Amino acid sequence: MSSVRNVIVLGATGSIGRSTLNVIRRHPGRFRPLALAAASNASGLDELALEFDPDFVVLAHEPPAGFKPRWSGEWRVGEHEVVRAAATAAADTVVNAVVGFAGLEATLAALTAGKRLALANKESLVAGGALVLDAWRGGTGELLPVDSEHSAIFQCLQSRPVSEVRRIILTASGGPFRSHSTRALQEVTRADALAHPIWDMGDKVTVDSATLANKALEVIEAHLLFGVGYDRIEVLVHPSSVVHSMVEFRDGSTIAQLSNPSMEVPIQYALSFPERLENEFVPLDLVGGGPLSFEDPRRQDFPLLELGVDAGRQGGVMPAVFNAANEVAVAAFLDGALDFQGISAIVGDVLIQTAPVPVGSLERLREIDARARLLARIAIQARSSGTSHDTGCENSGTVAAPDLTNKQPTE
Ligand code: NDP
Ligand code: MG
């Protein structure tokens, strides 16, 4: 790779977006930010635009009244503009670091337009499922994982066929509550959940890490990216987050990828693949760094892991429903409207009201997502008012939801 690659950074003002821009700062001769996008942080985007002078910037939502940008370049506004940016003709690479289902259409647009998609936005792959795989496999787009575990697995696989893989071992930090007793988990607060021992990330993924919903999303992500069956994907807690994941092959060899925990390592690899670029990341200190320890996850205390993996096994719309309910529950937890253990209760509640029908079209998927969000909000309301409820939306009299009662196995 010799010429400068034009990179679109979606979610530029977030944790992964800023780490991506750090990588680009280190390699100005290799990467150029062609466009930067954010949701509503107009001043943050303005500051980045002043530094990088991209061709244009995009805000998904209207800037606050009276906002006056200092950067005089082209500002575009609207969610459709974020999606359009992902297909910009002059772009080589799209980094999708949007958080949540909101990133789905950009993922589809980048792949359909034949870009290299450096994907951090795991929710779009999990929820989009077959739609994303079709856009990827059916076109010329490339999908490079940014999630550290999946970057590790990608590197360990070295293009060997799945038939040679005995199992994938996906590591998890265990989050801030790894050692909390069952009882202590009942009292954890928002601030506790946001105090991750290793990773400094956006709020949503930090809470997902605390509940292990993140690991469930990642099991589904690994299944979709690498085509490995759920029975061959294991999760192990590895608190120091040095081994980012492993692949055990059928000959008994296990290959692991290690580095100090920094998202800039997998981001840089997704940008530069197949090349490995020089950088100043702190090298691993295997002697001084302490032992590498592994333990089984506490599935009973962190039920979202099983709930999510089960949703993945059931296939069809279930991963999208798991994701949507989780997004709503996490937002409610962050707003102080739901307790920590309520997150898994709400997600479980929504899942049991849904049948694993096929996803079908993008339009259908949007309906599924909207219905799951509505069911989650109803369940949260019922939990906060202490009413015992049947959240079946047909009974509430207030919800116009698509009929998902036709239970058919899929995938
Ligand atoms: P943050 O909350 O820090 O950042 C999210 C970014 O997305 C912000 O720039 C936000 O803009 C932007 N955004 C949100 N909605 C839209 C939209 N509709 N259109 C355009 N931009 C939007 O999240 P993270 O960086 O932590 O996470 C991003 C993704 O990467 C998530 O899917 C997460 O699971 C995944 N990930 C994150 C890791 C990490 O270390 N942080 C590790 C592995 C995966 P604004 O600032 O205006 O709100
Ligand atoms: Mg991860």
Side-chain angles (χ1 to χ4, degrees), residues 8-22 35-48 57-64 67 76-86 94-107 109 117-128 145-154 170-175 194 196 198-209 211-222 225 235 238 241 243-245 257 261-267 270 323 326-327 330-331 334:
I8 307 273
V9 186
L10 308 179
T13 50
S15 162
I16 292 288
R18 289 181 186 279
S19 296
T20 301
L21 292 169
N22 281 343
L36 305 172
S40 49
N41 183 354
S43 55
L45 198 57
D46 192 31
E47 203 171 303
L48 293 172
V57 298
V58 190
L59 269 182
H61 309 304
E62 289 290 336
F67 169 69
R76 301 180 184 173
V77 177
E79 290 189 23
H80 64 287
E81 291 291 356
V82 178
V83 178
R84 196 159 76 91
V94 175
V95 177
N96 188 348
V98 171
V99 60
F101 185 80
L104 173 62
E105 283 181 62
T107 283
L117 174 64
L119 184 67
N121 176 229
K122 65 193 91 181
E123 297 94 335
S124 64
L125 176 60
V126 168
V146 164
D147 220 350
S148 55
E149 297 79 358
H150 304 77
S151 175
I153 295 162
F154 178 71
L170 202 64
T171 54
S173 70
L194 290 179
H196 197 283
I198 303 279
W199 298 100
D200 182 10
M201 312 179 284
D203 288 355
K204 193 268 180 177
V205 63
T206 304
V207 175
D208 284 351
S209 180
T211 62
L212 295 196
N214 182 50
K215 217 40 61 176
L217 293 171
E218 290 185 354
V219 169
I220 301 171
E221 184 184 6
L225 282 176
V235 173
H238 168 52
S241 299
V243 178
H244 297 298
S245 278
Q257 187 258 341
S262 161
M263 286 309 296
E264 291 179 30
V265 179
I267 291 168
N323 176 67
N326 182 58
E327 282 189 32
V330 170
L334 288 169

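Throughout, numbering of the chain's residues begins at 1 and tracks the sequence. Quantities reported herein were computed from a predicted structural model and do not represent experimental measurements. As the structure lists them, so they are numbered: ligands from 1, and atoms in each ligand from 1.
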Chemist: Go through the steps to decide whether V205 and V99 satisfy the test side chain to side chain contact (heavy atoms under 4.5 Å, CB included), and finish with yes or no.
Modeler: CA-CA 8 Å; V205 63; V99 60; 6.0 Å; no

Chemist: Is the closest side-chain heavy-atom distance between H150 and L170 below 4.5 Å?
Modeler: yes

Chemist: In the protein, which heavy atom is nearest to atom 13 (N) of ligand 1, and how far is it?
Modeler: A39 CB, 3.6 Å

Chemist: In E218, what N, O or S atom is nearest to the Mg ion (ligand 2), if we give its atom name?
Modeler: OE2

Chemist: Give a yes/no on ligand 1: does L10 have at least one heavy atom closer than 4.0 angstrom to it?
Modeler: no

Chemist: For S241 and W199, run side chain to side chain contact (heavy atoms under 4.5 Å, CB included): C-alpha distance rounded to whole Å, both residues' side-chain angles, the deciding distance at 0.1 Å, then the answer.
Modeler: CA-CA 9 Å; S241 299; W199 298 100; 3.5 Å; yes

Chemist: Examine the proximity of ligand 1 to E123 and report which part, side chain or backbone, both or neither, has a heavy atom under 4.0 Å away.
Modeler: side chain

Chemist: With a 4.5 Å limit on heavy-atom distance, are the side chains of K204 and E123 in contact?
Modeler: yes

Chemist: Pull out every atom of ligand 1 sitting under 4.0 Å from any heavy atom of A102, numbered as shown with elements.
Modeler: 18 (N)

Chemist: Which bit of M263 is near ligand 1, meaning a heavy atom under 4.0 Å away: side chain, backbone, both or neither?
Modeler: side chain

Chemist: If you compare all heavy atoms of S15 against all heavy atoms of D200, which two are closest, and at what distance to 0.1 Å?
Modeler: OG-O, 3.4 Å

Chemist: Can you tell me which residue among D147, N323, N96, D208 is in a side-chain hydrogen bond (donor to acceptor under 3.5 Å, both in side chains) with K122?
Modeler: D147

Chemist: Of the backbone atoms (N, CA, C, O) and the side-chain heavy atoms from C-beta on, which set of T13 has a member under 4.0 Å from an atom of ligand 1: side chain, backbone, both, or neither?
Modeler: both

Chemist: Ligand 1 and E79, any nitrogen or oxygen pair closer than 3.5 angstrom?
Modeler: no

Chemist: Considering heavy atoms of the protein only, find what lies nearest to atom 33 (C) of ligand 1 and give residue, atom and distance to 0.1 Å.
Modeler: V205 CB, 3.9 Å

Chemist: If the contact criterion is a heavy-atom separation under 4.0 Å, does S40 count as touching ligand 1?
Modeler: yes

Chemist: Minimum heavy-atom separation for N121 and G100, please, with both atom names.
Modeler: ND2-O, 2.9 Å

Chemist: Taking only heavy atoms of A97, which atoms of ligand 1 are found under 4.0 Å from at least one of them?
Modeler: 5 (C), 6 (C), 7 (O), 28 (C)

Chemist: Against L119, only a single residue in T107, L225, V95, V94 fulfils side-chain contact (heavy atoms from CB on, under 4.5 Å); can you say which?
Modeler: T107

Chemist: Quick test: of every protein heavy atom, which one is nearest to atom 26 (O) of ligand 1, and how far off is it to 0.1 Å?
Modeler: G202 N, 2.8 Å

Chemist: Using heavy atoms and a threshold below 4.0 Å, how should the contact between S15 and ligand 1 be classified: side chain, backbone, both, or neither?
Modeler: both

Chemist: Please give me the minimum heavy-atom distance between G44 and T13, naming the atom from each residue.
Modeler: C-CG2, 3.8 Å

Chemist: How far is atom 29 (C) of ligand 1 from its nearest protein heavy atom, and which residue and atom is that?
Modeler: V98 O, 3.5 Å

Chemist: At what distance is the nearest protein heavy atom to atom 12 (C) of ligand 1, and which residue and atom is it?
Modeler: G11 CA, 3.7 Å

Chemist: Where do A12 and L45 come nearest, in terms of heavy atoms and distance?
Modeler: CB-CD1, 4.5 Å

Chemist: In the protein, which heavy atom is nearest to atom 25 (O) of ligand 1, and how far is it?
Modeler: I16 N, 2.9 Å

Chemist: Write the atom name of the N, O or S atom in E149 that is nearest the Mg ion (ligand 2).
Modeler: OE1

Chemist: Using only atom types and a distance under 3.5 Å, with no angle test, would you say the side chain of K215 pairs donor to acceptor with the backbone of S173?
Modeler: no

Chemist: For ligand 1, which part of N41 has a heavy atom less than 4.0 Å away: the side chain, the backbone, both, or neither?
Modeler: both

Chemist: For atom 36 (N) of ligand 1, which of A120, A86, A60, G103 has the closest heavy atom?
Modeler: A120

Chemist: Quick one: look up the protein heavy atom nearest atom 43 (C) of ligand 1 and list residue, atom name and how far away it is.
Modeler: D147 OD1, 3.1 Å

Chemist: Distance to 0.1 Å, residue and atom name: give those for the protein heavy atom nearest to atom 34 (O) of ligand 1.
Modeler: K122 CE, 3.3 Å

Chemist: State, yes or no, whether a side-chain contact exists between V9 and L48 at a heavy-atom distance under 4.5 Å.
Modeler: no

Chemist: For S148 and M263, run side chain to side chain contact (heavy atoms under 4.5 Å, CB included): C-alpha distance rounded to whole Å, both residues' side-chain angles, the deciding distance at 0.1 Å, then the answer.
Modeler: CA-CA 7 Å; S148 55; M263 286 309 296; 4.1 Å; yes

Chemist: Output the atom name for the N/O/S atom of D147 with the smallest distance to the Mg ion (ligand 2).
Modeler: OD1

